[in-house]
Visitor: 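Below you'll find the structure I mean.
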Amino acid sequence: MEGILFRYGPAAANVAFMSGRHPRHVVLVGGLTDGLLFAKYCRPLAAKLEAAHWSLVQALLSSSHAGYGTASLDQDAAELRQLACHLAAQYGSQGVVLVGHSTGCQDAVRYCQRYRSSSSTAGTAAAHAAAAATAALAPPLLGVVLQAPVSDVEWLATQPDTAARLAAARRLVANGRGEDICFRAHDVDGAPMTARRWLSLAEPGGDDDMFSGSLTDAQLAAIYGPMSGLPTLILLSGEEEYIPEGSAPEYRRMGGRLAEAIGSSARLEVVEGALHALNGREEEGAEAIARFVAALQA
C-alpha cells in the first residue's frame, strides 16, 4: 500500500498511516495485539474508499501491539481525539468515520461517549473538560462501524487461566494496587497486564464489557445512548471464532440488540462465511464498509 506515515501526538506510538488524499477520513482501529495492516481487508478497503473519494487512516495507539495490558479505553479515545484534531489541522478533514475491529469497537463506542454527546453524564470532569476544549478543533464524527464486536468477558470465560487471573487481579485492586502488573499474557504475546486492565476486560460489568449477552436493555441503553442518531453499521462475521462454542445464534441476536439500543440510525449486517477479521470474505467485508461510508454526507 502507498500512503503517508505521520505522527499525530506526543506518545511514542502516536503514528498513523493514511492512504488517499481526500478530505474525509475513515479511521481504522484494531483490537488487542493489532497494529498497521492487521487484517487482510485493509488493502481492498483502501481501494474501495479511494474510489468513493475517502481516505483510509490506520491508527496506532499506545495500546497497539503489546501495549493493551497497561492501557484503557479512555486513553485510547483521547488518542483518537488527538488523531482527529491532527487530521483537521494538517489535512483539512471535513469528517471522520471510526471503524473499530474487535476491541477497537469498544474504543469507537468510548469515543462517542466522551466526545459526541456534550450532555453525557459518563466520564470524569476532566474528560468533559477535554471534550469541550477540542470541540472546535476536531472534525465531525459522521458514522461508526463496529466490525466483529465480540464479548471479551464471554470469550475469556472459556480460557483455562481466566478465573485464577481474575482472583489475583481482584486482590491487587482491593489492596490499592490496580496499576501493578498482575501477569504476563504468555499464552498470547507476553504482554504485561495490570490488575485494573484485566478486570476491565474479563470481569462482568468491567469497563470493556459492552457486548455481553448478559447485559440488560437498560445497561445497553446507557452504553449506547451517546450514539443515538449516529449512522452506525454493526458488521458481524458469520463464522466468528472468538465466541463460546455453539453460541452463534446468541451472537447474532446480540447484534440485533446493539442496533436496537442505538436506534433507527443503526443497522446490522452479517458477512456470511467470514472469520473474526473478515478472513475468507475480505472483499465482501470491505465492500460492506465502503458502501456504508459512501452513503454518508459530510
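All values below were derived from every heavy atom in this structure, side-chain atoms included, with hydrogens, water molecules and symmetry-related copies excluded.
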Visitor: For the hydrophobic clusters of this structure (ILVMFWY residues joined by side-chain heavy atoms under 4.5 Å, transitively), does one cluster hold both Phe183 and Leu166?
Guide: yes
Visitor: Regarding Arg43 and Glu282, does a basic nitrogen lie under 4.0 Å from an acidic carboxylate oxygen?
Guide: no
Visitor: To the nearest 0.5 Å, what is the distance between CD on Gln58 and SG on Cys42?
Guide: 4.5 Å
Visitor: How about Val26 and Leu98: do any of their side-chain heavy atoms sit closer than 4.5 Å?
Guide: no
Visitor: Can you find a pair of side-chain heavy atoms, one from Val27 and one from Val99, that are under 4.5 Å apart?
Guide: no
Visitor: Under 4.0 Å between a Lys/Arg side-chain N and an Asp/Glu carboxylate O for Asp217 and Arg257?
Guide: yes
Visitor: Are Gln106 and Asp152 close enough that a side-chain donor and a side-chain acceptor fall under 3.5 Å?
Guide: yes
Visitor: Could you grab the distance from atom CD of Gln94 to atom CG of Leu87, nearest 0.5 Å is fine?
Guide: 12.0 Å
Visitor: Please determine whether the number of non-hydrogen atoms from other residues, nucleotides or ligands lying under 6.0 Å from atom CD of Glu272 exceeds 12.
Guide: yes
Visitor: When rounded to the nearest 0.5 angstrom, what is the spacing between CG in Asn14 and OG in Ser62?
Guide: 5.0 Å
Visitor: Give a yes or no on whether a salt bridge exists between Arg253 and Glu250, defined as a side-chain N under 4.0 angstrom from a carboxylate O.
Guide: yes
Visitor: Going through the checks in order, is the side chain to side chain contact (heavy atoms under 4.5 Å, CB included) test met by Val29 and His101?
Guide: CA-CA 6 Å; Val29 186; His101 161 73; over 6 Å; no
Visitor: Would you check if there is a donor-acceptor pair between the side chains of Asp189 and Thr33 at a distance under 3.5 Å?
Guide: no
Visitor: Looking at side-chain heavy atoms only, is the closest gap between Thr194 and Ile181 below 4.5 Å?
Guide: yes
Visitor: Checking Glu240 against His276: is there a side-chain donor and acceptor pair closer than 3.5 Å?
Guide: yes
Visitor: Quick test of your reading of the model: are Arg291 and Glu269 salt-bridged, counting only N-O distances below 4.0 Å?
Guide: yes
Visitor: To the nearest 0.5 Å, tell me how far Glu283 CD sits from Leu45 CG.
Guide: 10.0 Å
Visitor: Go through the side-chain N and O atoms of His25 and Ser93 and say whether any donor and acceptor fall under 3.5 Å apart.
Guide: yes
Visitor: Could Asp76 and Arg110 be called an ion pair, given the rule that one side-chain N must be under 4.0 Å from one carboxylate O?
Guide: no
Visitor: Over 60° means perpendicular and under 30° means parallel, so tell me whether Tyr41 and Phe38 are parallel, tilted or perpendicular.
Guide: perpendicular
Visitor: Please determine if Glu203 and Arg170 form a salt bridge, counting it only when a charged side-chain N lies under 4.0 Å from a carboxylate O.
Guide: yes
Visitor: Go through it in stages, so that I can follow the logic: the residues are Leu156 and Leu201, the test is side chain to side chain contact (heavy atoms under 4.5 Å, CB included), and I'd like the CA-CA distance, side-chain angles, deciding distance and then a yes or no.
Guide: CA-CA 8 Å; Leu156 290 171; Leu201 288 166; 4.3 Å; yes
Visitor: Closest heavy-atom contact between Val15 and Tyr8?
Guide: N-CE2, 3.3 Å
Visitor: Do Arg196 and Asp180 sit within salt-bridge range, that is, some charged N less than 4.0 Å from a carboxylate O?
Guide: no
Visitor: How are the rings of His53 and His22 set to each other: parallel, tilted or perpendicular (split at 30° and 60°)?
Guide: perpendicular
Visitor: Quick one: do Arg81 and Glu79 make a salt bridge, cutoff under 4.0 Å?
Guide: no
Visitor: Indicate, with yes or no, if the rings of Tyr251 and Phe211 have centres closer together than 6.0 Å.
Guide: no
Visitor: If the threshold is 4.0 Å, N to carboxylate O, is there a salt bridge linking Arg165 and Asp187?
Guide: yes
Visitor: Please step through side chain to side chain contact (heavy atoms under 4.5 Å, CB included) for the pair Cys112 and Leu141, ending with a clear verdict.
Guide: CA-CA 9 Å; Cys112 294; Leu141 179 62; 3.7 Å; yes
Visitor: Grab the two heavy atoms, one from Leu258 and one from Pro149, that are nearest each other, plus how far apart they are.
Guide: CD1-CG, 4.2 Å
